[in-house]
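Here the structure is laid out as structure tokens; the discussion comes afterwards.
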Amino acid sequence: MIRKLWSELVKGLTLENPLMVLMIGLCSALAVSTRAENTIFMGLAATFVLVSSNFIISLIKKVTPNEIRIPIFIVVIASFVTIVDLVLRAYFPVVYSRLGVWIPLIVVNCIILGRAEAFASKRGVLESIADGLGMGLGYIWILFTMGFVRELLGTGKIVFFDRTILSFGPSFEPPVIFILFPGAFLTFGLLMAFVNFVNRRIKK
Amino acid sequence: MSAFRHYFLLFVGAFIVQNIVFIRFIGLCPFFGVSTQVETSIGMSLAVTFVMTLASAASWIVWNYALVPLGVGEFLYIPVFILVIASLVQFVEMFIRKVSPPLYKAMGIYLPLITTNCAVLATATEVSKPGFLKLNMPYGYSFIEGVVYSVSVAMGFGLAIVIMAAIRDRMKVSPVPEWLKGYPIVFIVAALASLAFMGFAGLFGM
């Protein structure tokens, strides 16, 4: 049982990573990864919604009529997104203003509806929670890697809560392109190429 | 004349200067998923234009005549707008199937996908809820402005997806390095396209 849950958790991190392999939930990943700090908040918000909606949807799967399941899933997801939206706005206004539209848009993040439809509506409660957690962590680690690379190259330093934790020093002239729009596509494409490269080596 | 100028600037701003795909990163999943052939991407962009315009108009009406008078907009807007979009997509699907079977055949498969296209929800919310996006105006849109704006955004989406599909068509015969094959090279092409679109920043003083 434990081993089964563990495998559901791990697959989100590697072989079924939502961003790298399933290619879903890209918009928010590219848009918020300008700073490493932002990605942590965005990742946690999405993971919270993912785990809670997977939990509720797997609980109500027996009483959900098949024809109207999508609207029901969306209402469940939208309620949790509203919770995150209001909590962030109340307690972390600075972060909220930086993440902006991406918090309400978690509702239409394909990862969440996709997992609800493909996994939570068919499987048990514990498995669904493990799946949600794994997918969420898989989302976070890619997001954080991107945020880290883009902030470090684009600004020359990493700032966490107003404290510089890593810096190239003043003589480094940062290529600003990495925190601009093309940098997001470029970093993601190269990261993906790297993951493909490693996967191919492992398979050989 | 100044009214024309106003709408023209609104159009250009949403169409290319703030292009929804390349500059604002909204609607990327269908952008990468569907842009494999020019033909399908044209079908997709027509379906998106259709739904986005209707959805923005419907959400504008719901926001201004139901949510604001009742005073529940701040915490109910997400579920209400997404339900408006989901039911609208269902309705449009049934309507088109009944009225024009060829059109249904052409864009039928794309319609259900549009419910989870974040571009539709983002534009509908942006048009209805004042101050939702700082990039644009802090005040709300009038109904006509909202419709013009959402048509322009949808056309920007169409432009991006058709450009991408055409490039990917050509790329099928070009020698791509082994480790970049598949999606990585598509992202790098998107980076170059986005770089090109950044050149529009500051057009007409915007």
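A note on names: the letters A, B, ... follow the listed sequences, proteins ahead of strands, and every chain is numbered from 1.
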Residues, nucleotides or ligands: over 12 heavy atoms within 6.0 Å of I144(B) CD1: no

Top of N196(A), L186(A), T82(A) for chain B proximity - count of heavy-atom pairs under 4.5 angstrom: T82(A)

For E117(A), is the CD atom crowded, meaning more than 12 foreign heavy atoms sit under 6.0 Å from it? yes

For a side-chain contact (heavy atoms from CB on, under 4.5 Å) check, start with the C-alpha distance between W102(A) and I26(B), then their side-chain angles and the critical distance, and finish with the verdict. CA-CA 9 Å; W102(A) 296 104; I26(B) 301 179; 3.7 Å; yes

Heavy-atom neighbours of K172(B) NZ exceed 12 at 6.0 Å: yes

Going by side-chain contact (heavy atoms from CB on, under 4.5 Å), I78(B) matches just one of V108(A), V81(A), I77(A), I74(A). Which one? V81(A)

Counting heavy-atom pairs under 4.5 Å with chain B, which one of P182(A), G114(A), A78(A) comes out on top? P182(A)

Supply the atom-to-atom distance L180(A) CG to L195(B) CG, rounded to the nearest 0.5 angstrom. 9.0 Å

Are F25(B) and F185(A) packed together at the side-chain level, in the sense that at least one heavy-atom pair is separated by less than 4.5 angstrom? yes

Which bit of E178(B) is near chain A, if near means a heavy-atom gap under 4.5 Å: side chain, backbone, both or neither? both

Given that the side chain runs from C-beta out, which part of I177(A) has a heavy atom under 4.5 Å from chain B: side chain, backbone, both or neither? side chain

Bottom line for L30(A): the part with an atom under 4.5 Å from chain B's heavy atoms is both

Heavy-atom count check: over 12 atoms from other residues, nucleotides or ligands less than 6.0 Å from F160(A) CZ? yes

Looking at F194(A), F197(A), F188(A), which has the largest count of heavy-atom pairs under 4.5 Å with chain B? F188(A)

For atom NZ of K61(A), decide whether the heavy atoms of other residues, nucleotides or ligands shown that lie under 6.0 angstrom number more than 12. yes

The interface call for I23(B) against chain A, heavy-atom contacts under 4.5 Å, is both

Could you grab the distance from atom CD1 of I188(B) to atom CE of M192(A), nearest 0.5 Å is fine? 11.0 Å

My understanding is that only one of L26(A), L105(A), I106(A) makes a side-chain contact (heavy atoms from CB on, under 4.5 Å) with C118(B); could you say which? L105(A)

